[in-house]
Amino acid sequence: MSALWQEILFSFLGGLGLFLFSIKYMGDGLQLIAGEKMRYVLDKYTSKPLMAVLAGIIVTILIQSSTGTIVITISLVGAGLLKTRQAIAIVMGSNIGTTLTSFIIGFNISKYSLPLLFLGAAFLFFTRAKVVNNIGRVIFGFGGIFYALKMMSTAMGPMRDMAWFQNVLAHINDSAVVGVGVGTFLTVLIQSSAATIAILQNLYADGALTLTGALPVLFGDNIGTAITTAALAMVGSNIAAKRVAASHVLFNVIGTVICLIALVPYGAFIQYLETTLGLEPKMTIASAHGTFNILNTILQFPFISLLVVIVTKLIPGEDEQIKYSAQYLDKSLIASAPAVALGQVQKEFVEMLILSKKSLRNSVEYFMNRDEQLREKGETYEDAINNFDEQMTDYLTLLFREKLSPKEGLIASTLLDGTRDVERIGDHARDIVLSVDYQIRKKLKFSDAAKAEVQEMYDLCNDVILKTIKSLEENNIALAGAALAACENIYALEKNARKQHTQRMKDGICEIPAGVVFMDLIQHFTRVCEHVRNILEKEIQGHL
């Protein structure tokens, strides 16, 4: 490799690496500042499609990542908090919000990049205040972006006079389809539309590409980032995630087709903006990027329902919806009808117990199959159970302030204690998932006999929880007594499993490290039964 090519490659790749790091670092800082508010905004303010578009714009601007916004959206859809229709509207908004990065680049303040890097570093290292540190991340990332752009632009300088590079640019200028393909390929390769658009801005600013040649590349960049998000969603088998990702690709492909058909008038409009507003070349590309996504959203917004139908046809099937939020806790009942409100808490308590039962089933399936999607579902179950716990605790705390009869007060206190028990069942399910993660990392394997013992203990736990749920729903004390009696059998099962597994280790059938993990694993089922027993005893005493 000649010295010239070495300098070009090292400078360009180093600049690209710094750019990608800076974009992510700035986004991380913004997310740390924003915290969980982004998830809250997408959850609470997206009931109407127009509001969902606005929420998508705002969240993407704040976290500087359309992929980040879509990932949050996918998790909310998977949790049953958002419908596909709302998610598609958020995706449209995220496409508009992500154009802010290209406008930032369009200001071209590279000469201030080094002072910004120093200021960001000072905020990071000269104080322990978290808020100041997070602001430092944003400033440092901001400075890194412009310094990286300067590095890439300098590296590409010698290439502009090379014949082969001029030929490539000539093909892009002459063929819109080639331009779309190049933009798509580069974005998928680099995994960042912001980076490819920044390169495009430099090429257009240097006169290497005409506006007619640059616009199709820009359209391809949007398709490329949608494909990247789709690939991320396809890793799991969540149908809702796949539909949201597919809608993102479909949205950008449809917009690209429309704009390619109208490329001449569209290009003339961008040229008019450039001339009339006196835009710098980089800002022209930024304006084209923003215009494309705004126009695309306006054109497709009325057809969101049609997009839902299309992605549903493309990706058929239904996911198991994990209930993420309480539905019976009406706060207006607390003051007006506290006894009714208490009854609503009892209903929600049963729903929470059902959720914990599903979480336990999921964790055991993960132990048996080691399927990655079950691990991800386990995390969702854990979040959902914790959310239930928080909502019910808040509701009961407000209810305690009202005038309750002694019996109602006792039931309310028992329900509060009971939610702790149910939440702990969810924790044991989570711990089983974590145990399986450890088993996978350490490449631990269990014999069929060991798996059968785990299955037997789970079956007993599941049967006890099922009887408990039914007894609470039917107010059946006899069934609660039967469940309590069955609960006692778990100790005999655990003792037998320990004895059998110890013998397997002696015989060399199971390795000692795996044996230690097994002993810890089966303890979770005993603990689950103990928490269910606490609930059953209070039910039999008439406190539930």
Side-chain angles (χ1 to χ4, degrees), residues 78-79 236-238 320 322-324 352-389 419-466 468-469 486-487 489-498 500-502 504-505 510-535:
S237 62
N238 185 290
E320 176 191 358
I322 298 175
K323 187 179 177 184
Y324 199 90
M352 187 179 177
L353 189 55
I354 291 171
L355 195 61
S356 70
K357 181 184 77 68
K358 291 180 178 179
S359 181
L360 186 63
R361 179 199 65 198
N362 181 80
S363 65
V364 173
E365 287 179 359
Y366 183 42
F367 170 77
M368 296 297 180
N369 304 326
R370 299 193 174 187
D371 186 342
E372 177 67 18
Q373 75 173 81
L374 294 173
R375 186 191 66 78
E376 293 175 0
K377 188 178 284 188
E379 293 177 356
T380 305
Y381 274 122
E382 172 66 9
D383 288 343
I385 292 169
N386 288 340
N387 197 48
F388 262 76
D389 180 34
T419 58
R420 297 287 90 75
D421 284 305
V422 179
E423 194 272 335
R424 286 297 297 141
I425 294 172
D427 286 345
H428 285 294
R430 176 206 61 201
D431 290 342
I432 292 173
V433 170
L434 294 176
S435 175
V436 178
D437 288 342
Y438 177 80
Q439 295 163 31
I440 293 171
R441 286 198 306 273
K442 296 297 183 180
K443 299 180 180 179
L444 302 179
K445 295 182 180 179
F446 296 96
S447 64
D448 291 339
K451 289 182 178 179
E453 286 163 357
V454 169
Q455 185 67 50
E456 186 179 11
M457 295 189 74
Y458 162 71
D459 288 341
L460 177 60
C461 284
N462 188 57
D463 182 60
V464 169
I465 297 174
L466 277 172
T468 303
I469 291 168
C487 210
N489 297 331
I490 194 71
Y491 299 104
L493 281 180
E494 183 190 12
K495 184 178 179 180
N496 182 63
R498 286 179 178 276
Q500 294 296 327
H501 204 72
T502 300
R504 285 193 294 270
M505 286 191 291
C510 286
E511 298 177 352
I512 292 176
V516 173
V517 172
F518 180 83
M519 298 299 186
D520 290 337
L521 180 67
I522 59 176
Q523 263 194 331
H524 291 298
F525 298 106
T526 307
R527 299 291 179 267
V528 166
C529 276
E530 287 176 354
H531 289 294
V532 179
R533 186 178 62 184
N534 291 339
I535 296 169

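Sequential numbering from 1 along the given sequence is applied to the chain's residues.
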For residues 440-459, which residue pairs qualify under salt bridge (charged side-chain N to carboxylate O under 4.0 Å, His left out), counting only residues two or more places apart or in two chains? Glu453-Arg504
Hey, can you tell me if Phe518 and His501 have their rings parallel, tilted or perpendicular (30° and 60° cut-offs)?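 Aromatic pair Phe518/His501 classed parallel.
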Once you round to the nearest 0.5 Å, how far does [atom1] of [X] lie from [atom2] of [Y]?
| X | Y | atom1 | atom2 | result |
| --- | --- | --- | --- | --- |
| Tyr438 | Leu521 | OH | CG | 13.0 Å |
| Ile432 | Glu365 | CD1 | CD | 12.0 Å |
| Ser435 | Ile522 | OG | CD1 | 11.5 Å |
| Met457 | His524 | CE | NE2 | 11.0 Å |
| Asn362 | Lys377 | CG | NZ | 6.0 Å |
| Ser359 | Ile354 | OG | CD1 | 13.5 Å |

Can you name the nearest heavy-atom pair linking [X] to [Y], along with the distance?
| X | Y | value |
| --- | --- | --- |
| Gln455 | Val364 | OE1-CG1, 4.3 Å |
| Ser363 | Val433 | CB-CG2, 3.8 Å |
| Ile490 | Cys461 | CD1-SG, 4.1 Å |
| Glu423 | Met352 | N-CE, 3.9 Å |
| Gly426 | Glu382 | O-OE1, 3.4 Å |
| Ile385 | Val422 | CG2-O, 4.4 Å |

Kindly indicate whether the side chain of [X], heavy atoms from C-beta on, has any atom under 4.5 Å from the side chain of [Y].
| X | Y | value |
| --- | --- | --- |
| Asp520 | Asp431 | no |
| Glu494 | Phe525 | no |
| Leu466 | Lys357 | yes |
| His428 | Leu360 | no |

Taking Val464's backbone N and O only, do any of them form a donor-acceptor pair with Thr468's side chain (distance below 3.5 Å, no angle check)?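 Yes, because the side chain of Thr468 sits within donor-acceptor range (under 3.5 Å) of the backbone of Val464.
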I'd like to know if the side chain of Thr502 and the backbone of Arg498 have a donor-acceptor N/O pair within less than 3.5 Å.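 Present.
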Would you check if the distance from the ring center of Tyr458 to the ring center of Phe367 is below 6.0 Å?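 Aromatic pair excluded; centres sit 6.0 Å or further apart.
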Go through it in stages, so that I can follow the logic: the residues are Ile465 and Val528, the test is side-chain contact (heavy atoms from CB on, under 4.5 Å), and I'd like the CA-CA distance, side-chain angles, deciding distance and then a yes or no. CA-CA 9 Å; Ile465 297 174; Val528 166; 4.2 Å; yes
Got a salt bridge between Arg424 and Asp421, using NZ or NE/NH1/NH2 to carboxylate O under 4.0 Å?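 No.
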Are there over 12 heavy-atom neighbours, none belonging to Tyr491, within less than 6.0 Å of that residue's OH? yes
Would Glu530 and Thr526 count as having a side-chain donor-acceptor pair, cut-off 3.5 Å? no
